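Bear in mind that the values here come from a model prediction, so they are computed numbers and not experimental data. Counting convention: from 1, in listed order, for ligands and their atoms alike.
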Amino acid sequence: MKIMQVEVAVGRAEADSTEVLVLTHCEGEGLGRQDAAPIDKMLGGSLRDLLQSKEFEGKANENVLYHTHGKIPAKRLLLAGLGKRKDLTLDSFRQAMGHAVKRVRQTKADSFTVAFPTVVPRGYQPLELAQAMTEGAILGGYQFTAYRSEDSAGRELAKMAVLVSQKSQSRQVSEGIRRGVATSEATVFVRDLCNHPSNVMTPTRIANEAKNVAKEDRVALKILEQKEMEHLGMGALLGVARGSHEPPKFVILEYNGARKKDERPVVFVGKTVTFDTGGISLKPAENMEHMKADMTGGAEVLASIRAAARLKLPLRLIGILPVAENMPGGRAMKPGDIVKTLAGKTVEVQNTDAEGRLILSDGLAYAQRYHPAALVDIATLTGACVVALGQFAIGMFGTDARLKEQIRKSGLTAGERVWEMPLWEEYFEQLRSDVADMRNIGGRGGGMITAALFLSKFVGDCPWVHLDIASTDWSERERAYIPKGPTGIGTRLLIQYLIDRSL
Ligand code: BES
Ligand code: ZN
Ligand code: ZN
């Protein structure tokens, strides 16, 4: 998908000649405090009529579009509801923009203007609001058309202008737009990678995508092939890859924008299983196609490296992707097999479908060589996460209160919220094995927790956070700026964390 161009403009909404002028409106309010008051006068009170008749009330997700018949320079006016003023969050604006963009697209216009709102959600600045509006608009227009023939592929908008009334606002707003474009283009990249089917998005293709990312300034790449993994002793990753004809990859990217030489890096590790059949512990057929997105974590790490480079963030960031396909081939791992991990610990594989924690254990052990200032892994790790949290929260675990708090805050800003779960040692008894140092499943209760606890045995003592995105990575229905299918949720959280950390 081509990313819509977004730019700031200075001027008055009632003088702007655009195909569609978008105005946001808070629920249940008259025109007094709203951006649309001067325009209503020029339109002869038709907005007031709409509000009084309650044809449009400004509810979240609500919008109304009509032609202006030359009464103002804009050809059409689109009112976008925000919900009640007291409930406004950055996400109210993302959602309003997501709906607005879909409506504008139906008009066949290819560009539009949105008036920058006079109200900013509590706790945030115009910069963050401009970022959120940009995100909602770009992500609301997302379509995956790679495999559709020309005529069934949808239209795309070329340009959105964000109109500010005072020149003094334009710097903050344009910086917000710059960030919003970066986080959105990263999310689009992730959605695309996840939408491609597993016969295309193989471990080798992931390695090629990483090569493309490494063309960005200051991004270095190293790819370990099977031979080197054997030499290093990555028995867990190799074990998962055994059942597939696709060779595994171990991808390491480094972006260095640090001001200090030898700054300790932030390290992201992403689960990259290009398809998870479950292996010999085969999954049921129903919905198995979702497992083409079991590489979401790795895709998000790749996309955040690219975004950090494009935003030229002043930090050092390492991205690690253990990449494999989990298949039940003739040489596949079998329940009861024991693998030796890179860290030296042995694991009894009682269920080959618990493969994510295996490949991550080698990824996390490898991360130790960088002495991370912060280590964050992100993974579509457990079905238990879906059961516990539904679709609206990412599961968070961690060893460091400060890092957890930073991630929590960045998630709130990004509208990709995390919810902390316990990482208590008591649960470790569920991971005991009779024949190895530990086993890879934890029995009936607390499936999301035992998976996280398994990972914790491979992170040494650096500040670490684990994010389980199995809950959010796939949406059953289309929402304002989230499509049906792969969502890319987690990408903006990771990048927001990097932005917040660099400030
Ligand atoms: N990739 C799955 C987890 C998953 C489930 C992601 C649903 C997205 C949606 C993971 O590899 C898996 O299969 N986990 C097993 C672990 C179990 C065998 C201990 C699970 O959750 O069932
Ligand atoms: Zn699995
Ligand atoms: Zn999996």
Side-chain angles (χ1 to χ4, degrees), residues 190 194 198 201 203 206 236-237 239-244 246 248 269-300 321-328 332-337 347-363 377-395 421 427 430-433 438-455 466-476 484-490:
V190 171
C194 296
S198 72
M201 201 49 62
I206 296 273
L237 172 56
V240 171
R242 278 182 72 87
S244 170
E246 297 290 341
V269 181
K271 171 178 173 181
T272 322
V273 172
T274 58
F275 196 88
D276 182 11
T277 65
I280 295 298
S281 314
L282 194 63
K283 285 184 181 295
E286 200 184 347
N287 294 333
M288 208 207 273
E289 69 280 4
H290 292 186
M291 288 300 126
K292 70 175 181 178
D294 211 22
M295 28 59 71
T296 305
E300 295 186 347
L321 284 69
V323 196
E325 185 182 62
N326 189 21
M327 291 283 284
M333 255 186 336
K334 301 167 292 296
D337 285 3
V347 177
E348 181 189 1
V349 179
Q350 285 191 348
N351 189 318
T352 63
D353 196 11
E355 85 297 343
R357 64 197 75 181
L358 292 173
I359 69 166
L360 285 172
S361 69
D362 283 346
D377 78 73
I378 186 153
T380 47
L381 202 62
T382 65
C385 173
V386 189
V387 175
L389 295 174
Q391 311 170 56
F392 301 110
I394 293 170
M421 304 293 291
Y427 291 95
Q430 293 176 233
L431 289 169
R432 292 245 148 77
S433 161
M438 55 207 279
R439 58 178 189 154
N440 78 329
I441 53 170
R444 229 180 280 283
M448 172 167 40
I449 299 169
T450 50
L453 205 60
F454 182 97
L455 299 180
H466 158 60
L467 300 170
D468 195 333
I469 51 168
S471 45
T472 54
D473 88 298
W474 191 283
S475 177
E476 291 303 332
K484 190 166 175 233
T487 63
I489 292 174

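- With a 4.0 Å cut-off on non-hydrogen atoms, Lys283 touches ligand 1 through its side chain and not its backbone.
- Each of the atoms 18 (C) of ligand 1 lies under 4.0 Å from some heavy atom of Asn351.
- Taking both residues in full, the closest heavy atoms of Asn326 and Asp353 are given as ND2-CA, 4.3 Å, listed atom of the first, atom of the second, then distance.
- When the heavy-atom distances from atom 8 (C) of ligand 1 to Glu355, Gln350, Arg444, Met291 are ranked, the shortest goes to Met291.
- Counting heavy atoms from C-beta outward, Asp276 and Lys283 have side chains that approach closer than 4.5 Å.
- To the nearest 0.5 Å, atoms CG (Leu453) and OH (Tyr427) are separated by 9.5 Å.
- Here the straight-line distance linking atom OG1 of Thr274 with atom CD of Glu325 works out to 4.5 Å at 0.5 Å rounding.
- For ligand 1 and Ala470, the ligand atoms under 4.0 Å from any heavy atom of the residue are 6 (C), 8 (C).
- At a cut-off of 2.8 Å, Asp294 does not coordinate the Zn ion (ligand 2) through any N, O or S atom.
- Within the 4.0 Å heavy-atom shell around ligand 1 one finds Arg357.
- Using a 4.0 Å cut-off between heavy atoms, Leu381 contacts ligand 1 through its backbone alone, with no side-chain atom that close.
- Side-chain atoms of Arg439 do not come within 3.5 Å of backbone N or O of Gly336 as any donor-acceptor pair.
- The structure places CD1 of Ile449 at 5.0 Å from CE of Met421, a figure rounded to the nearest 0.5 Å.
- Summary of contacts: the protein heavy atom closest to atom 2 (C) of ligand 1 is Asp276 OD2, 3.6 Å.
- Taking CG of Asp377 as the reference point, atom CG of Leu467 lies at 7.0 Å (rounded to 0.5 Å).
- The shortest distance between side-chain heavy atoms of Ile469 and Glu300 falls below 4.5 Å.
- Near Asp294, meaning under 4.0 Å from one of its heavy atoms, ligand 1 places the atoms 1 (N).
- Seen from the Zn ion (ligand 3), atom OE2 of Glu355 and atom NZ of Lys271 lie 90° apart in angle, a value rounded to 10°.
- Close approach of ligand 1 to Thr380 is summarised as follows: ligand atoms under 4.0 Å from at least one heavy atom of the residue are 1 (N), 2 (C), 3 (C), 6 (C).
- Contact of the Asp362 side chain with the Pro322 side chain is not registered, since no non-hydrogen atoms from C-beta on lie closer than 4.5 Å.
- Ligand 1 lies less than 4.0 angstrom from a heavy atom belonging to Lys271.
- Scanning all protein heavy atoms for the shortest distance to atom 19 (C) of ligand 1 gives Ile441 CG2, 3.5 Å.
- Looking at Asp276 and the Zn ion (ligand 3) together, the shortest N, O or S contact belongs to OD2.
- Under a 4.0 Å criterion applied to the non-hydrogen atoms of Thr382, ligand 1 contributes the atoms 3 (C), 21 (O).
- A heavy-atom distance below 4.5 Å is found between the side chains of Glu355 and Lys271.
- At the top of the distance list for atom 15 (C) of ligand 1, counting protein heavy atoms only, stands Asp353 O, 4.0 Å.
- Atoms of ligand 1 lying under 4.0 Å from any heavy atom of Gly383, numbered from 1 in the order shown and given with element: 3 (C), 5 (C), 20 (C), 21 (O).
- Where the criterion is an N or O separation shorter than 3.5 Å, residue side chain and backbone included, Val386 fails it with respect to ligand 1.
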